[in-house]
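Remarks on the structure that follows.
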Number of protein chains: 2
Amino acid sequence: MHRTATDMKRARTGDQKAARRRAILDAADRHFAEAGFEGFSMARVGRLAGVAKGTLYLYFETREDVLLALTLDKLAAWADALLDDPDAAPSDESFAAAFHAAAWRDPALMPLLSRLDSVIEHNVSTGILIEAKSAMSDLFLGLADGLADRLGLTPAQALDALTSLGALLLGAAQADLGPDLDGCELPADVRRMTEAFASESLFITNACRILRGIRAGH
Amino acid sequence: MHRTATDMKRARTGDQKAARRRAILDAADRHFAEAGFEGFSMARVGRLAGVAKGTLYLYFETREDVLLALTLDKLAAWADALLDDPDAAPSDESFAAAFHAAAWRDPALMPLLSRLDSVIEHNVSTGILIEAKSAMSDLFLGLADGLADRLGLTPAQALDALTSLGALLLGAAQADLGPDLDGCELPADVRRMTEAFASESLFITNACRILRGIRAGH
DNA sequence: TATATTGCTGACCACTGGTCAGATGTGAGC
DNA sequence: GCTCACATCTGACCAGTGGTCAGCAATATA
């Protein structure tokens with residue numbers, strides 16, 4: 001008798017293997033949420049998933065392969081959230097705000113994206129890398145198509161807007177990824193600089209400038 | 001008799017200690033240049049600097065403290081290069097190009113900056129962190145003052161421009177930090193997406209949009 | 001029930017960043 | 001010129017990491 005996908009000690013069918021992989025990714029998600037990128041440990045993922053460390057490497061090439069899969073999941077969720085958000089259109093400003101809010105809805109997304117190229121992609125086989133890039137390409141093209149009308153842009157302009165805002169979002173996010181200094185006595189100059197780099201206002205202001213530039217055909 | 005700052009087995013005077021610290025940072029610089037962020041190892045820094053690993057921890061708190069010091073050095077060099085570049089003014093476009101070129105002059109700078117908040121600052125004591133933030137604050141304020149006239153902006157606008165372009169630069173740089181896929185067969189969609197995210201054109205185009213927005217008072 | 005297949009395990013490897021008791025270079029005082 | 005006290009320096013050591021693989025054992029089939 002075949003076992004169900006979740007009640008088994010060995011995953012033999014395709015469904016069962018998919019379920020195992022899913023279980024590992026869920027454990028990774030939980031672990032990442034509380035340990036962050038640097039504290040992310042394969043040993044703990046295994047323990048959380050109820051599986052030996054070696055087993056992880058039957059389902060993923062490397063630690064970064066796990067993180068890449070996690071990133072793709074969360075990126076797809078971001079795109080869905082943005083498409084479903086009715087505020088993502090009326091004005092450039094509300095679109096920018098919705099773009100930013102969707103990106104921070106899952107607090108793990110920006111930390112992952114900010115290491116996507118610099119760390120994650122460097123420890124993954126080219127096959128998996130290309131597959132991931134292709135998935136992201138599809139996701140962006142689909143998003144551009146879905147948003148073009150709402151933004152009153154051509155699909156090409158919408159894609160330009162998405163890539164431009166994407167880059168801006170990544171850069172602006174940096175400031176929010178630093179350690180929390182709220183409790184500390186800060187010199188006035190440091191506090192001013194911190195505020196100038198605060199992610200949300202920096203992003204929204206410049207997103208509007210960029211969208212205006214695109215509309216003007218620049 | 002006192003030894004000179006560089007000919008000594010023990011650093012006892014302030015000058016000698018400064019020279020040791022400098023020597024360690026130089027070794028770190030060389031090591032980073034060929035190993036990159038992830039491959040950066042304290043053991044190797046020690047070997048390159050001709051010093052035991054334990055000694056490194058007399059001059060720096062942690063690995064990230066070394067990388068933070070390195071980043072500050074390189075950031076100051078970037079600011080100098082930008083101020084000295086006569087092209088950094090005539091038009092928005094040439095300013096944006098000069099901004100980008102200065103940032104990539106030292107190939108280690110962007111890889112370091114892209115991890116500054118997300119990694120480096122998380123493993124450094126608050127004292128050192130605040131000191132570093134203060135130095136960066138001074139650097140940005142000085143740069144804004146030095147460039148405001150040339151850009152035809154008020155100092156406040158110039159600071160806005162610097163922080164905005166800084167964020168954009170960081171985000172746009174991500175794409176250039178990924179692994180090199182030049183030699184590979186890429187599906188057409190992936191290649192298109194890669195080109196859309198190419199750092200230089202993405203940065204310059206949007207930097208001009210942002211500068212235009214600032215001039216327009218947005 | 002016996003067998004072949006193959007998913008799973010965990011001891012093991014080379015490495016990491018960081019520590020600290022003990023060795024030693026060095027300048028000051030005689 | 002010698003001695004000594006002190007602070008700098010060292011490297012074995014620690015707990016941890018990501019990743020491997022020979023062998024164990026759950027399962028589907030005959």
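All values reported here derive from a predicted model rather than from experimental measurement. Just the heavy atoms: all of them, side chains too, but no hydrogens, waters or symmetry mates, feed the values below. Residue numbering restarts at 1 for every chain, and letters A, B, ... go by the order of the sequence lines.
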| Nearest-nucleotide pick for Lys9(A), side chain only, options being dT8(D), dA26(D), dC9(D) | dA26(D)
| field | side-chain contact (heavy atoms from CB on, under 4.5 Å) involving Arg191(A) - partner list, sequence neighbours excluded | value | Leu186(A), Glu195(A)
| What residues, two or more places apart in sequence or in another chain, satisfy side-chain hydrogen bond (donor to acceptor under 3.5 Å, both in side chains) together with Lys53(A)? | none
Check: residues 38-47 of chain A side-chain donor-acceptor pairs under 3.5 Å, at least two apart:
residue  : atom : partner   : partner atom : Å
Glu38(A) : OE1  : Arg115(A) : NH2          : 2.8
Ser41(A) : OG   : Ala43(A)  : N            : 3.2
Ser41(A) : OG   : Arg44(A)  : N            : 3.2

| Set of residues satisfying side-chain contact (heavy atoms from CB on, under 4.5 Å) with respect to Asp160(B), sequence neighbours excluded | Arg209(A), Thr163(B), Ser164(B), Ile214(B)
| remark: The correct set of residues in residues 51-60 of chain B placing a heavy atom under 4.0 Å from DNA chain D is Val51(B), Ala52(B), Gly54(B), Thr55(B), Leu58(B), Tyr59(B)
| message | Does anything in residues 123-138 of chain B form a side chain to side chain donor-acceptor pair (under 3.5 Å)? List the pairs, not counting sequence neighbours. | response | Asp189(A)-Ser134(B), Glu61(B)-Ser125(B), Glu64(B)-Asn123(B)
| side-chain hydrogen bond (donor to acceptor under 3.5 Å, both in side chains) partners for Asp117(A), two or more places apart | none
Might you list the N or O atoms of the protein lying below 3.5 Å from N or O atoms in nucleotides 22-25 of chain D, with each pair's distance?
residue : atom : partner  : partner atom : Å
dA25(D) : N3   : Arg10(A) : NH1          : 3.2

Name each donor-acceptor pair under 3.5 Å that joins a side chain in residues 174-185 of chain A to protein atoms two or more places apart or in another chain, with its distance.
residue   : atom : partner   : partner atom : Å
Asp176(A) : OD2  : Ser199(A) : OG           : 3.1
Asp180(A) : OD1  : Asp182(A) : N            : 3.2

| message | Once salt bridge (charged side-chain N to carboxylate O under 4.0 Å, His left out) is applied, do any residues pair with Asp26(B), and if so which ones, sequence neighbours excluded? | response | Arg22(B)
| Nearest-Å distance, CZ (Arg47(B)) to C1' (dG11(D))? | 13 Å
| Residue-level proximity of residues 125-133 of chain A to DNA chain C when a heavy atom falls under 4.0 Å | none
| Residue-level proximity of residues 25-41 of chain A to DNA chain D when a heavy atom falls under 4.0 Å | Phe40(A), Ser41(A)
